[in-house]
Amino acid sequence: MEKILLEQALPRVFVSENIPASEVWLSAATTFERGNLYLVEAASGGGKSSMCAYIFGARTDYEGRILFDGEDVRSFSIARWQEIRRRHLAYLPQELSLFPELSAWDNVQLKNRLTGYASDKMILSWFEQLGIDSRRDYPAGRMSIGQQQRVAIIRSICQPFDFIMLDEPVSHLDDDNNRIAAGLIAGEARRQGAGIISTSVGNHIRLPYTHTLRL
């Protein structure tokens, strides 16, 4: 996948509440190109998380169109979406979506078993770099939010991808872990020639962005 185009992709709730299109950046035609690094900034409620969910196919309550390489995603079958999510589009949602009863390691391996992407040695290295190797056998639900965020970051890069979407990925990380997480994600993106789309309401992941979009 080389290009994602949002063509007046406006959340329906904004339309029903008569929010002026000028106040919602999603109302404009917006293009994300593979290989570029995008920071999307807006206040809470500005549509950033909705945008990510729409691109990932997790939500369809929007007006307008979303196109992958010119093809409208509304035409995609379930099987097509499954392939896209395994091989082309990685996603770290703001709510993390970890299984609280499973260990940090098992949460990551659930994803990795589907993609067959990373070796155990590679995953362990990521745990060590992010300072959570001693917690890898802990249930995710017993970890701090910052630790859970680091687990979710590792899980998000356990696959091949053309784009990775990060929805407020470091909201609970200190500067050191922000820098380390940014290095891991940027390194994987460079290796795969992928694009990064990261959202933020203030504390953004420290990446060398090529484009910044603001509401």
Side-chain angles (χ1 to χ4, degrees), residues 1 37 48-49 52-53 55-59 78-201 203-207:
M1 187 192 309
L37 280 65
K48 302 180 305 301
S49 295
C52 292
I55 293 174
F56 197 63
R59 288 175 54 186
I78 293 174
R80 179 80 177 278
W81 274 116
Q82 289 173 335
E83 177 64 16
I84 287 171
R85 292 165 183 164
R86 279 196 301 264
R87 303 295 172 192
H88 302 286
L89 191 58
Y91 179 32
L92 172 56
Q94 183 178 343
E95 64 274 14
L96 304 181
S97 299
L98 298 175
F99 291 94
E101 71 280 7
L102 296 182
S103 69
W105 184 262
D106 285 342
N107 267 282
V108 171
Q109 287 293 357
L110 273 178
K111 169 77 167 291
N112 196 54
R113 291 187 193 107
L114 290 174
T115 64
Y117 179 72
S119 67
D120 286 354
K121 182 179 180 180
M122 182 183 297
I123 294 172
L124 179 58
S125 172
W126 292 337
F127 269 82
E128 290 172 344
Q129 290 179 65
L130 283 169
I132 52 173
D133 52 305
S134 65
R135 295 291 186 267
R136 63 177 183 168
D137 295 324
Y138 274 47
R142 290 174 52 194
M143 302 175 76
S144 71
I145 296 299
Q147 290 171 337
Q148 290 182 39
Q149 207 159 41
R150 282 173 273 174
V151 172
I153 286 169
I154 293 170
R155 182 192 58 189
S156 72
I157 58 176
C158 282
Q159 69 170 93
F161 56 86
D162 301 322
F163 290 89
I164 183 168
M165 293 187 298
L166 310 166
D167 192 9
E168 298 188 39
V170 294
S171 57
H172 292 86
L173 299 189
D174 58 26
D175 286 342
D176 285 344
N177 282 308
N178 184 325
R179 175 181 51 79
I180 294 168
L184 292 179
I185 293 168
E188 277 300 308
R190 281 194 302 270
R191 196 159 70 86
Q192 301 190 48
I196 299 175
I197 303 169
S198 182
T199 75
S200 173
V201 293
N203 180 31
H204 59 263
I205 189 167
R206 304 291 190 252
L207 293 167

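Please read all numbers here as calculations on a predicted model, not as lab measurements.
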Quick one: are P139 and P100 in side-chain contact, heavy atoms under 4.5 Å?
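A side-chain contact under 4.5 Å is absent here.
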
Flag side-chain contact, heavy atom, 4.5 Å: I164 against Q192:
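Of all side-chain heavy-atom pairs linking Q192 with I164, none is under 4.5 Å.
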
Is [X] reaching over with its side chain to a backbone N or O of [Y], donor-acceptor style, under 3.5 angstrom?
| X | Y | answer |
| --- | --- | --- |
| N178 | H204 | yes |
| N203 | V170 | yes |
| Q148 | M143 | yes |
| N107 | S103 | yes |
| D162 | M1 | yes |

To the nearest 0.5 Å, what is the distance between [atom1] on [X] and [atom2] on [Y]?
| X | Y | atom1 | atom2 | result |
| --- | --- | --- | --- | --- |
| Q149 | I154 | CD | CD1 | 12.0 Å |
| D174 | I180 | CG | CD1 | 8.0 Å |
| E188 | I196 | CD | CD1 | 10.5 Å |
| R150 | N177 | CZ | CG | 4.0 Å |
| C52 | M165 | SG | CE | 5.0 Å |

Which pairs count as ring pair (Phe, Tyr, Trp, His ring centres under 6.0 Å) when at least one residue sits in residues 83-128, sequence neighbours excluded?
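Of all non-adjacent pairs touching residues 83-128, those that pass ring pair (Phe, Tyr, Trp, His ring centres under 6.0 Å) are F56-Y91, W105-F127.
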
Would you mind listing every ring pair (Phe, Tyr, Trp, His ring centres under 6.0 Å) that reaches into residues 155-199, with sequence neighbours excluded?
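Output for this query is empty, none listed.
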
Using side chain to side chain contact (heavy atoms under 4.5 Å, CB included), reason through I197 and L37 one step at a time and then give a plain yes or no.
CA-CA 6 Å; I197 303 169; L37 280 65; over 6 Å; no

Nearest heavy atoms of [X] and [Y], plus distance in Å:
| X | Y | value |
| --- | --- | --- |
| C158 | A118 | SG-CB, 4.4 Å |
| L114 | R87 | O-NH2, 4.4 Å |
| A152 | L96 | CB-CD2, 3.8 Å |

Qualifying residues under salt bridge (Lys or Arg N to Asp or Glu O under 4.0 Å), relative to [X], sequence neighbours excluded:
| X | answer |
| --- | --- |
| R59 | D61 |
| R113 | none |
| E83 | R86 |

Please walk me through it: do L92 and D167 pass side chain to side chain contact (heavy atoms under 4.5 Å, CB included)?
CA-CA 6 Å; L92 172 56; D167 192 9; over 6 Å; no

One pair to check against side chain to side chain contact (heavy atoms under 4.5 Å, CB included): Q159 and K111. What are the steps and the verdict?
CA-CA 8 Å; Q159 69 170 93; K111 169 77 167 291; 2.8 Å; yes

If a pair satisfies side-chain hydrogen bond (donor to acceptor under 3.5 Å, both in side chains) and one of its residues is in residues 128-142, list it, with sequence neighbours excluded.
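Every pair satisfying side-chain hydrogen bond (donor to acceptor under 3.5 Å, both in side chains) with a residue in residues 128-142: S125-Q129.
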
Show your working on side chain to side chain contact (heavy atoms under 4.5 Å, CB included) between I185 and I205 and close with a plain yes or no.
CA-CA 10 Å; I185 293 168; I205 189 167; 3.7 Å; yes

Report the C-alpha distance between T199 and E168 in whole Å, list the side-chain angles of each, state the deciding distance to 0.1 Å, and finish with yes or no for side chain to side chain donor-acceptor pair (under 3.5 Å).
CA-CA 5 Å; T199 75; E168 298 188 39; 4.9 Å; no

